[in-house]
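Single-structure report; data block below.
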Amino acid sequence: MNFSDTLLRWYRSNKRDLPWRDSKDPYKIWISEIILQQTRVDQGIPYYFNLIRQFPNIQVLSEASEQSILNVWKGLGYYSRARNIHYTAKYVVQQLNGKFPCTYKSLMDLKGIGPYTAAAIASICYNESVPAIDGNVSRVISRYYGIEDAVSTSVFKRKIQLISEQLISQNAPGDYNQAVMEYGAVICKPLAPKCEICPFYDSCFAFQNNKITILPKKKKQIKKKMRFFNYFHLVLPNNMIVIKKRLKEDIWKNLWELPLVECDKLLDYNELKTISFLNGLHQETVVLKGRKDFIHQLSHQTLNIRIFTINLSNSDFFSEKEYTFVNQDDNSYPFPRIIENFLKTY
DNA sequence: AACACGGGGAC
DNA sequence: GTCCCAGTGTT
């Protein structure tokens, strides 16, 4: 039996029971694939249930507010995905009469859908024979066929694409695509792959050449940017706090946070008094209650975060600006994890 | 081609 | 600490 048939057989008797499996509803597959972009299955599953419950179909999603979608998405990261499914839902409902595109080519026109997701939806929902190539597929193929180019190069991508086009099942492209991914996630893992139970070990290039640990050749480590966020946790007499929406093209776009002074280092209270809005406030309206520091690691940034808790007896300064007042426990505003956790434990 | 974009799980 | 995840959009 050849590679694809062995893989398909393995898949059909070993596949995990995931919530979107056995569905061919393009809406559900679409949502699941967006969630799974750069996201582990285990992490995505609860979000899938929440999204489908709150937005059971594309019509409902298209009529929802972006904030309500972000509020379900909060904590999952890569928030452009949430903004894009909202944009695309509106586009499909309003411009395409609610009919979801059903070919690889037309799926590629949708915002948030790239080559991988278009192929996944086209193959799973519409039986189109196009390979869905993700990190799992790249790893499995590069190891088995000995593709030694760096994963980031176009040469690598072209080779994986070509091999995958040869391998994909014409009868069951959706199952084939999911089989390779599942195999990469469960057996041919990045670290400590289970070569001892792998049926392909005798013909696997990497295993035979002792290159399992170096294939696929990884991209070089990116250097993280260091950033310093000085936050103000401003508590009013009625126990409301001051928050603000992040609107810039930056991390956490369209999520909410506390009033922020970002600069090249963490500051102490006296330094902040001279450069921030604190300068314009009367001494007696502001009482410093506490200070907490955090280090929040993102993939591309290290966030040094300092949060000052301050009792504020007069909110006039904030009422005329782009600030909002909410209860501490109001959960209708999507906060980044670090802010959400801080407010929850405060 | 390189970079920005989150958060968390596994080691 | 490091790695990297069912990738996409932008420059």
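A, B, ... follow the sequence lines: proteins, then strands. Residue 1 opens every chain.
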Report summary line: Output for pair (A/Tyr27 OH, A/Leu51 CG), nearest 0.5 Å, gives 7.0 Å
Query - Of A/Lys218 and A/Ser80, the one whose closest DNA chain C nucleotide lies more 5' - result: A/Lys218
Query raised in the report: With nearest nucleotides of DNA chain B determined for A/Arg83 and A/Thr153 from heavy-atom distances, which residue corresponds to the more 5′ nucleotide?
Result: A/Thr153
**Report entry** Residues in contact with DNA chain B, drawn from residues 121-148 of chain A - heavy-atom cutoff 4.0 Å
**Finding:** none
Requested in this report: Looking at every strand, decide which applies to A/Asp250 at a 4.0 Å heavy-atom threshold: base, sugar-phosphate, or nothing.
Outcome: sugar-phosphate
Report task. Could you work out the separation of C/dT11 and B/dG6 based on their P atoms and round it to a whole Å? Result -> 16 Å
Query raised in the report: Just wondering, do A/Glu66 and A/Ile69 contact through their side chains at under 4.5 Å, heavy atoms?
Result: no
Requested in this report: Would you classify A/Gln301 as touching base, sugar-phosphate or nothing, given that sugar-phosphate means primed atoms plus P, OP1 and OP2, and contacts are heavy atoms under 4.0 Å?
Outcome: sugar-phosphate
Query raised in the report: From A/Gln43 CD over to A/Leu76 CG, what is the distance, rounded to the nearest 0.5 angstrom?
Result: 5.5 Å
Query raised in the report: Rounded to whole angstroms, how far apart are CD on A/Glu33 and C1' on C/dC5?
Result: 14 Å
**Report entry** Under-4.0 Å salt bridge between A/Glu257 and A/Arg246
**Finding:** yes
Report task. Output the single nucleotide from C/dA6, C/dG7, C/dT8 whose closest atom is nearest the side chain of A/Pro115. Result -> C/dT8
Requested in this report: Quick one: label A/Leu76 by what it contacts on the DNA or RNA (base, sugar-phosphate, nothing), any heavy atom closer than 4.0 Å.
Outcome: base
Query raised in the report: Which is true for A/Thr117 with a 4.0 Å heavy-atom rule: it touches a base, it touches only sugar-phosphate, or it touches nothing?
Result: sugar-phosphate
Requested in this report: State, yes or no, whether a side-chain contact exists between A/Phe294 and A/Phe342 at a heavy-atom distance under 4.5 Å.
Outcome: yes
Query raised in the report: How would you label the contact of A/Lys253 with the nucleic acid (heavy atoms, under 4.0 Å): base, sugar-phosphate, or nothing?
Result: nothing
**Report entry** For DNA chain C, the residues among residues 17-27 of chain A that have a non-hydrogen atom under 4.0 Å from it
**Finding:** A/Leu18, A/Trp20, A/Arg21
Requested in this report: Quickly work out the A/Leu110 CG to C/dG7 P distance and round it to whole Å.
Outcome: 18 Å
Query raised in the report: Looking across every strand, which nucleic acid part, if any, lies under 4.0 Å from A/Arg40 by heavy atom: base, sugar-phosphate, or nothing?
Result: base
Report task. Please test A/Arg227 against A/Asp250 for side-chain contact (heavy atoms from CB on, under 4.5 Å), starting from the C-alpha separation and ending with a verdict. Result -> CA-CA 12 Å; A/Arg227 296 175 74 176; A/Asp250 192 4; 2.8 Å; yes
Report task. Measure the distance from CD1 on A/Ile295 to P on C/dT2 and round it to the nearest whole Å. Result -> 13 Å
Query raised in the report: Would you say the side chain of A/Ile243 lies within less than 4.5 Å of the side chain of A/Ile339, judging by non-hydrogen atoms?
Result: no
Requested in this report: Indicate yes or no: at least one non-hydrogen side-chain atom of A/Gln37 is less than 4.5 angstrom from one of A/Tyr78.
Outcome: no
Report task. Provide, to the nearest angstrom, the distance between the OH atom belonging to A/Tyr116 and the C1' atom belonging to C/dC4. Result -> 16 Å
Requested in this report: Please state how far atom OH in A/Tyr11 lies from atom C1' in C/dA6, giving the value in whole angstrom units.
Outcome: 11 Å
Query raised in the report: Quick one: does A/Asn71's side chain have a donor or acceptor within less than 3.5 Å of a partner on A/Asn331's backbone?
Result: yes
Query raised in the report: Rounding to a whole Å, what distance do you find between A/Arg81:CZ and C/dT8:P?
Result: 11 Å
Query raised in the report: Got a second to check how far A/Lys74's NZ is from A/Tyr47's OH, nearest 0.5 Å?
Result: 9.0 Å
Query raised in the report: Taking only N and O in the side chain of A/Gln37, is any of them less than 4.0 Å away from OP1 or OP2 of C/dG7?
Result: no
Query raised in the report: What integer number of Å spans the P atoms of C/dA6 and B/dC11?
Result: 14 Å
Report summary line: d(A/Thr88 OG1, A/Gln95 CD) to nearest 0.5 Å is 12.0 Å
Report task. State whether a side-chain donor-acceptor pair under 3.5 Å links A/Asp25 with A/Ser23. Result -> no
Query raised in the report: Does the A/Asn230 side chain pair with the main chain of A/Val261, one donor and one acceptor, at a distance under 3.5 Å?
Result: yes
Report task. Walking along DNA chain B from 5' to 3', note the first and the last nucleotide with an atom under 4.0 Å from a heavy atom of chain A, and give both. Result -> B/dA1 to B/dG9
Query raised in the report: Looking for any heavy atom pair under 4.0 Å, which part of the strands does A/Gly75 touch: base, sugar-phosphate only, or nothing?
Result: sugar-phosphate
